[in-house]
Amino acid sequence: MAYTETVDAHDHHDHPPAGIWRWLSTTNHKDIGTLYLVFSGIMFFVGGAMAMVIRLELFKPGMQFVDPAFFNSMTTVHGLAMIFGAVMPAWVGLANWMIPLQVGAPDMALPRMNNFSFWLLPFAFTLLLIGFFVPGGAPAGGWTLYPPLVLQGGDSFPMAIFAIHLMGASSIMGAINVIVTIMNMRAPGITLLRMPLFVWTWLITAYLLILVMPVLAGSVTMLLTDHFFGTSFFSASGGGDPVMFQHIFWFFGHPEVYILILPAFGIVSEVIPTFSRKPLFGYEAMVYATASIAFLSFIVWAHHMFTVGMPLAGELFFMLSTMLIAIPTGVKVFNWTATMWRGSLSFEPPMLFALAFLFLFTIGGFSGLMLAIAPADFQYQDTYFVVAHFHYVLVPGAIFSIMAGVYYWLPKWTGHLYSMALGKWHFWLSAIFVNVLFFPQHFLGLAGMPRRIPDYATQFADWNMVSSLGGFGFGLSQLLFPILIWKCVRGGEKAPAQVWEGAHGLEWEVPSPAPYHTWQDPPSEAQIAHGAEH
Amino acid sequence: MSQSHSQADSGKYYIPHGTPWPIIGSVALFTTMFGMVAWLNEWFSPVMFFAGLALLAVMFIGWFRTVINESEAGTYNLAVDRSFRMGMVWFIISEVLFFSAFFGALFYARELSVPWIGGEGVKVFNHIFLWQNYDAGWPTNGPAKLGPRADGSFEVIPAFGVPALNTLILLTSGVTITIAHHALKAGNRNVLKIFLALTFLLGFLFVAFQANEYGEAYMHKGLQLSTGIYGSTFFMLTGFHGLHVTIGAIMLTIIWFRTLKGHFTPSRHFGFEAVAWYWHFVDVVWLGLFIFVYWV
Ligand code: HEM
Ligand SMILES: [Cu+2]
């Protein structure tokens, strides 16, 4: 019977094939998760190197090292690399590793497509990054790709567009896989409201991805045809409007920022209970808050466009709808805090990163609220205040929680405990420098320093120098992270199945390192009951 | 076949081992896109683009062949079948959102940007200082009267000519595929084959009519992709739709050949259903196009 030969018989196939072909052809969710995470790490350092160039140039007023066009390429490609290359693939990598483990599934639902969605990414970024070597240099019109500026780009312009198409295709396939895995592959007994919050937040993220990535694809396609095929979507002389691009882009763009942060909410909601040794406060409220944030994220997009010109009713609507998001976000912050209330806390690296997330993401949320006030935003728009805002929500927000997740699950992946001391060094250096780096940017922005410029008035010199020093410190401290991971992969004290004594969830019911195939037989009632005590 | 299916239904979820197709697909897409970049930037001839497309075709054939063979061998249990279904539904939803970007552009242009350029409301200065001679209206190729003709004029394709006929064709094809589906479920293979064949023939007929209309527009009506915002939205929407109809008709043809080979059973026929859903999706998009692009 063909059936018995082709189905994974666990006693025969516990070892992956050797060599590079294993990685090119793999359909295993753990392999693919690893690929995603490694890729994300590489892009984090590629994008980080560009950030170092930016901070180097801004260290002092006047032109220092790079010419303005190259500087603009740096900010543009830094943004694209970090958003689409570092943060999103890290989330998909964590989803690949953890969702099947957490819902008791033998793998992702569509394993071949899973491989496809990963392998598109290196090709997408090759296409984007070779833009540095073609006439005109890499894209320099900003990661938001506003016309008409972006249409004046050099030969790299179509490369960026096609790279975005590939990234979008990859994200859509990844999202479909996550949804189908969660909806179809949960072990019997794992009802929706028994799912860990990381699974919940990822499910909602996947819906967002499917709804907005195609819109991004459509909008950049229109840029392409405006440039090469004579259409006039974004040109008033033909009856179009450049502002139309901004509407379509931000209809994608605002849900996109929640794509970057919702899985972070999930990680934090797992880490804080574990290290508080208490169940999460208000589990269901967390689920509903996540869903309402996702819903609201579709009706706030024009808060990025307060100054481009909108009817007054539009300004008011988008201001008020944006402020509404603070309510479910507040519910979350309250619940995390309440989870810790009277818990018996301990401060291992995952918890440290989660705590820093809690404080620093909240700062970013507050600056977001300030930006949401339309009349005030007329002053803040396109200044370093906006840069400070989104870096607070993205670096100590999204990136710190990715790190919390990695520190939380790394022993499960490698089977080794890592050096707590090194992890804490990494944390404290990151947490201090990230504030030195980004907090002064609030002052710069309020004082009127525009974003995306290589030179500035001397009045901004002091805080820029502080910010740059923080940037170099932050950049250097990140080198500890791959060192720690490398050492943990190579060896270390053997990790037990239950790595953290306070942790719940099915992933702790399998040995460490998690075998190549897990949950070939669904988890037992007892395992689920143990796992489900959130 | 049905025997092995019932066997599989009680079995485990099938997890394939290594697969060569995705990496081939990634290389193919990269080649295609890099080739397109080289072509657009006039670096070199479009050979690389076409080589990429060819490799892409190889990938699709190989990947689908593998899956079809596995399916016919009864490898997939009902849970796998459900995964495929859900995956297809979400894929179609993402396609709907892709079209919505272009519909959004159409509505935005008609309702906002064109009236604003014409000086509506607070935008009165647009009219006074920038585009004095422009009378906003629809269809329009903008104040600069863009397009192939020297005098900036162009004509549109009236809704109640070939487009209405094409609407009829697509709606009929929606009926024929439903008849085919019922026949499949009733085990009536001959009706299935005939009505499936009718469906893809209607599909190709639609494409042929559409191509003919495009020829008309380009040669005789001054209506091209570059004819201002009307030409842009018109060709972008109908063009992507036409591409989807073509793909859908090819898929219909493939499952027609599969029915000739005896594939699909009354209870298990995901491939058929996926294509049928896709076909209904292009049908619905067309109704939107007919109403908002051609008619009102
Ligand atoms: C309480 C929640 C939030 C509010 C009220 C808020 C509000 C805003 C507003 C009004 C702007 C536009 C500022 C301007 O350009 O003048 C903005 C920009 C931005 N926000 Fe937020 N935000 C919030 C949370 C987030 C989160 C969670 C993220 C990502 C994880 C994020 C990422 C960004 C980014 C990337 C930009 C700048 C985009 C650009 O122009 O390049 N925000 N935010
Ligand atoms: Cu926003």
Side-chain angles (χ1 to χ4, degrees), chain A residues 1-3 6-8 13 17 21-22 24-27 106-107 109-113 115-116 119-120 123 126-127 155 158-159 162 165-166 172 175-176 179-180 183-185 210-215 217-219 222 225 228-233 236-241 244 247-248 251 520, chain B residues 4 7-8 11-23 25-27 29-30 33-34 36-37 40-41 63 70 73-75 79 82-83 86-87 90-91 93-95 97-98 100-102 104-105 108-109 112-114 116-117 140-144 146 225-226 228-232 236:
Chain A
M1 188 87 261
Y3 166 67
T6 43
V7 165
D8 251 3
H13 294 288
W21 188 242
R22 161 179 175 187
L24 291 176
S25 70
T26 182
T27 48
D107 205 299
L110 303 161
R112 290 192 181 105
M113 192 174 79
N115 174 303
F116 200 20
W119 276 108
L120 283 176
F123 289 96
T126 310
L127 203 53
D155 284 4
M159 304 170 110
F162 289 136
H165 280 138
L166 289 181
I172 291 169
I176 290 178
I179 293 180
V180 178
M183 299 316 269
N184 194 32
M185 306 277 288
I210 289 184
L211 295 179
V212 302
M213 292 312 287
V215 176
S219 68
M222 290 186 255
T225 57
F228 287 106
F229 303 104
T231 57
S232 18
F233 288 106
S237 62
D241 185 353
M244 171 159 88
H247 280 291
I248 304 177
F251 180 82
Q520 302 249 347
Chain B
S4 52
Q7 182 90 22
K12 288 212 166 83
Y13 197 94
Y14 172 66
I15 311 286
H17 289 296
T19 166
W21 302 114
I23 186 72
S26 303
V27 172
L29 278 173
F30 180 80
M33 287 181 165
F34 194 85
M36 183 82 173
V37 168
L40 290 173
N41 285 332
W63 192 330
E70 283 173 357
T75 315
R82 206 154 48 231
S83 288
M86 291 179 163
W90 287 105
F91 169 66
I93 291 176
S94 79
E95 289 267 55
L97 269 294
F98 180 72
S100 77
F102 301 108
Y108 187 95
L112 299 170
S113 70
V114 167
W116 283 342
I117 297 167
T140 180
N141 50 354
L146 300 179
L225 198 51
S226 57
I229 189 68
Y230 186 84
S232 307
M236 207 68 144

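Below, chain A is the first sequence line, B the second, and so on; all start at residue 1.
Put simply, the side chain of B:Tyr13 never gets that close to the backbone of A:Met185: no donor and acceptor are under 3.5 Å apart. Within the 3.5 Å criterion, the main-chain N or O of A:Gly239 finds a donor-acceptor partner in the side chain of B:Ser113. Between the side chain of A:Asn184 and the backbone N or O of B:Ala79 there is at least one donor-acceptor pair closer than 3.5 Å. Judged by distance alone, the side chain of A:Thr231 and the main-chain N or O of B:Ser226 form no donor-acceptor pair under 3.5 Å.
Across all non-hydrogen atoms, the minimal contact from B:Leu146 to A:Ser232 is CD1-OG, 3.8 Å. Of all heavy-atom pairs spanning B:Ala101 and A:Ile248, the tightest one is O-CD1, 4.1 Å. For the residue pair A:Leu110 and B:Ser83, the shortest heavy atom distance occurs at CD2-CB, 4.2 Å. Pairing each heavy atom of A:Ile176 with each of B:Gly87, the nearest pair is CG2-CA, 3.7 Å. In this structure, B:Met33 and A:Leu127 approach most closely via the heavy-atom pair CB-CD2, 4.1 Å. Here the closest non-hydrogen pair linking B:Ile15 and A:Asp107 is CD1-CB, 3.5 Å.
Heavy-atom pairs under 4.5 Å with chain A peak, among B:Gly25, B:Ala105, B:Gly104, B:Pro20, at B:Ala105. Here B:Gly228 is the residue among B:Gly231, B:Ala109, B:Gly228, B:Ser100 with the most heavy-atom pairs under 4.5 Å with chain A. Of the listed residues A:Phe162, A:Trp119, A:Phe229, the one with more heavy-atom pairs under 4.5 angstrom with chain B than any other is A:Phe162. Most heavy-atom pairs under 4.5 Å with chain A: of the set B:Ser94, B:Pro143, B:Ser26, this distinction falls to B:Ser26. Contacts with chain B were tallied for A:Ala175, A:Gly240, A:Pro214, A:Ser237; A:Ser237 has the most, counting heavy-atom pairs under 4.5 Å. Chosen from B:Leu40, B:Ile93, B:Thr140, B:Val27, the residue pairing most often with chain A at heavy-atom distances under 4.5 Å is B:Leu40. Heavy-atom pairs under 4.5 Å with chain B were tallied for A:Met183, A:Met244, A:Arg112, A:Met222; the largest tally goes to A:Arg112.
At a 4.5 Å heavy-atom cutoff, the contact between A:Leu24 and chain B is made by backbone and side-chain atoms alike. Only the side chain of B:Met236 comes within contact range of chain A, with heavy atoms under 4.5 Å apart. In this structure, chain A has heavy atoms under 4.5 Å from both the backbone and the side chain of B:Leu225. Within the 4.5 angstrom heavy-atom criterion, atoms from both the backbone and the side chain of A:Phe233 approach chain B. Looking at B:Ile229, both its backbone and its side chain come within 4.5 Å of chain A, counting heavy atoms on both sides. Contact annotation for A:Ile179: only side-chain heavy atoms (C-beta onward) come within less than 4.5 Å of a heavy atom of chain B. For a residue to count as touching a neighbouring chain, one of its non-hydrogen atoms must lie under 4.5 Å from one of that chain's; by this rule B:Ile117 touches chain A with the side chain only.
Rounding to the nearest 0.5 angstrom, the gap separating the NE2 atom in B:His17 from the CZ atom in A:Arg22 is 13.5 Å. Residue B:Trp21 holds its CH2 atom at 12.5 Å from OG of A:Ser25, rounded to the nearest 0.5 Å. A distance of 11.5 Å separates NE2 of A:His165 from CG of B:Leu29, quoted to the nearest 0.5 Å. Distance CH2/B:Trp90 to CG/A:Leu211: 7.0 Å, rounded to 0.5 Å.
Remark: B:Arg82 engages no residue in a salt bridge (Lys or Arg N to Asp or Glu O under 4.0 Å) (not counting sequence neighbours). Under the side-chain contact (heavy atoms from CB on, under 4.5 Å) criterion, B:Pro22 pairs with A:Asn115, A:Phe116, B:Thr19, B:Trp63, sequence neighbours left out.
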Could you go through B:Asn41 and A:Phe228, starting from their C-alpha distance and side-chain angles, then the distance that decides it, and tell me whether this counts as side chain to side chain contact (heavy atoms under 4.5 Å, CB included)?
CA-CA 9 Å; B:Asn41 285 332; A:Phe228 287 106; 3.9 Å; yes
Pair B:Phe30-A:Thr126, side chain to side chain contact (heavy atoms under 4.5 Å, CB included): steps then yes or no
CA-CA 9 Å; B:Phe30 180 80; A:Thr126 310; 4.2 Å; yes
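With contacts defined as side-chain heavy-atom distances shorter than 4.5 Å, the pair B:Leu97/A:Ile210 does not qualify.
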